[in-house]
Amino acid sequence: MKMLESGVAVPMYLQLKTTLLSQIRSGRYRRDKRLPSEPELCRRYGVSRITVRRAIQELVDEGYVVKRQGKGTFVCGHTIDRKIAYVSGFTESAEQAGFAVSSTLLKREVIQVPGRITRLLGLPDGAPVLYTQRKRMADGRPVMLENNYFPLPKFDFLRRSDLSGSLYRLLGSERGIDPIHPRETSICMALADEKMANTMDVVVGTPFFKVDTFICDQHDEPVHVGHQFFLGELYTFKI
């Protein structure tokens, strides 16, 4: 076990906190699993109980672990917070929670969709739209399946754009589009079927938040209709 470094600018408790947090995020200590006891952490890292207690308390305060009387300290699972009434992209929310973000583009095609979607996008029934599907990852773990429908021809440029990063940052930098108005948002629970389970690397029946959105820009013009699936254990939605 690598010992912590004394005599450096980073305090010992913060080094220990960072080490434990890295182990939680890597999956070494999983959700509902108990961390080593205070004496064990002291022995492993060559630090005092005061140092261990301060590191653990900061993890408790930040929602990573919880103390259970007489049982020890358990991982409670870090979450990504999303405010329903505020438009924030996946990248922004995940980065604010301290995760490294990545994406895989699964589909990008021009399709026809049900009339409700075209009407929301200000298009006539039967008009083609651009459909994109991306698997979004936090620290390499699939946590969101994103399905977006964009009006054509306005968003035809997305057929050629690099969609590996933040969509909203791309819209802003390339076209000055700021998707700030959530005109419709609904949320319900959904269980992963076999297809979603294979895509998201989870077992069948894993709970997801299904969020349907209709987003407009700073001029109140349609940007996209979205059907998004967020991994339930990793997300907290706030009103």
Side-chain angles (χ1 to χ4, degrees), residues 1-83 86 88-104 134-146 164-166 168-169 192 197 199-203 206-209 229-238:
M1 180 63 64
K2 181 180 178 181
M3 304 297 285
L4 304 182
E5 298 180 18
S6 60
V8 298
V10 181
M12 297 286 280
Y13 83 89
L14 190 54
Q15 293 183 53
L16 178 58
K17 172 191 170 185
T18 302
T19 297
L20 293 174
L21 182 55
S22 175
Q23 292 171 347
I24 290 171
R25 287 181 172 168
S26 71
R28 178 173 180 178
Y29 299 124
R30 297 183 178 276
R31 185 185 181 100
D32 291 328
K33 296 300 182 182
R34 186 171 65 85
L35 294 183
S37 65
E38 288 185 4
E40 177 62 14
L41 289 173
C42 291
R43 184 188 65 80
R44 287 188 186 184
Y45 296 100
V47 296
S48 68
R49 281 208 173 193
I50 293 176
T51 296
V52 170
R53 288 172 181 170
R54 183 168 182 184
I56 293 297
Q57 189 58 51
E58 288 211 357
L59 292 174
V60 170
D61 292 343
E62 294 176 16
Y64 293 99
V65 300
V66 60
K67 292 181 178 178
R68 298 176 183 171
Q69 186 65 35
K71 295 183 178 180
T73 303
F74 292 77
V75 177
C76 57
H78 191 33
T79 63
I80 301 173
D81 292 339
R82 294 286 296 251
K83 292 184 178 180
Y86 170 69
S88 63
F90 168 82
T91 300
E92 177 186 355
S93 300
E95 287 179 347
Q96 287 179 353
F99 291 98
V101 176
S102 58
S103 302
T104 299
R134 297 191 296 172
K135 179 167 60 175
R136 315 302 303 276
M137 276 83 74
D139 287 349
R141 180 187 184 189
V143 297
M144 175 188 175
L145 185 63
E146 173 192 279
S164 62
S166 168
Y168 288 174
R169 291 174 186 170
T199 300
M200 299 299 289
D201 194 23
V202 296
V203 299
T206 296
F208 282 78
F209 290 108
F229 295 86
F230 298 87
L231 184 62
E233 69 181 72
L234 203 67
Y235 271 85
T236 300
F237 285 88
K238 298 181 178 180

(message) Determine whether Arg25 and Tyr64 satisfy the following criterion, side-chain contact (heavy atoms from CB on, under 4.5 Å), listing intermediate values before the conclusion.
(response) CA-CA 10 Å; Arg25 287 181 172 168; Tyr64 293 99; 3.1 Å; yes

(request) Step by step, work out the side-chain contact (heavy atoms from CB on, under 4.5 Å) result for Tyr45 and Thr19. (result) CA-CA 10 Å; Tyr45 296 100; Thr19 297; 3.7 Å; yes

(request) List the steps and the verdict of side-chain contact (heavy atoms from CB on, under 4.5 Å) for Lys17 and Leu59. (result) CA-CA 7 Å; Lys17 172 191 170 185; Leu59 292 174; 3.8 Å; yes

(request) Before giving the answer on side-chain contact (heavy atoms from CB on, under 4.5 Å), spell out for Arg34 and Lys71 the whole-Å C-alpha distance, their side-chain angles and the decisive distance to 0.1 Å. (result) CA-CA 8 Å; Arg34 186 171 65 85; Lys71 295 183 178 180; 5.7 Å; no

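Looking at every heavy atom in both residues, Ala192 comes nearest to Val203 through CB-O, 4.2 Å. The shortest non-hydrogen separation linking Ile56 to Leu20 is CD1-CD1, 3.9 Å. Nearest heavy-atom pair, Ser103 versus Gly165, reported as atom, atom and distance to 0.1 Å: OG-O, 4.5 Å.
Side-chain contact check for Thr73 versus Glu38: every heavy-atom pair is 4.5 Å or farther apart. Counting heavy atoms from C-beta on, the side chains of Met200 and Phe208 come closer than 4.5 Å. Considering only heavy atoms from C-beta on, Pro36 comes within 4.5 Å of Arg44 through its side chain. With a 4.5 Å cut-off on side-chain heavy atoms, Arg30 and Val75 do not count as touching.
Atom-to-atom distance recorded for Arg141:CZ and Leu231:CG is 5.0 Å, nearest 0.5 angstrom. Distance check: Gln23 CD to Arg28 CZ gives 4.5 Å after rounding to the nearest 0.5 Å. The structure places CZ of Phe90 at 8.5 Å from CE of Met137, a figure rounded to the nearest 0.5 Å. In this structure, Thr104 OG1 and Arg136 CZ are separated by 9.5 Å, a value rounded to the nearest 0.5 Å. For the atom pair CZ (Arg54) and CG (Leu16), the distance works out to 12.0 Å, reported to the nearest 0.5 Å.
Partners of Ser26 according to the side-chain hydrogen bond (donor to acceptor under 3.5 Å, both in side chains) rule, which considers only residues two or more places apart in sequence or in another chain, do not exist here. The side-chain contact (heavy atoms from CB on, under 4.5 Å) search around Thr199 returns Leu106, Lys135, Leu145, not counting sequence neighbours. Checked against side-chain contact (heavy atoms from CB on, under 4.5 Å), Ser48 has the following partners two or more places apart in sequence or in another chain: Ile50, Thr51.
For the residue pair Ser164 / Arg134, no side-chain donor-acceptor distance below 3.5 Å is found, with atom types taken as modelled.
In the displayed structure, Lys67 atom NZ is contacted under 6.0 Å by more than 12 heavy atoms of other residues, nucleotides or ligands.
Contact check on Glu95 versus Arg169 returns a salt bridge, with a Lys/Arg side-chain nitrogen under 4.0 Å from an Asp/Glu carboxylate oxygen.
Under the 3.5 Å distance criterion, the side-chain polar atoms of Asp139 are left unmatched by any main-chain donor or acceptor of Phe99.
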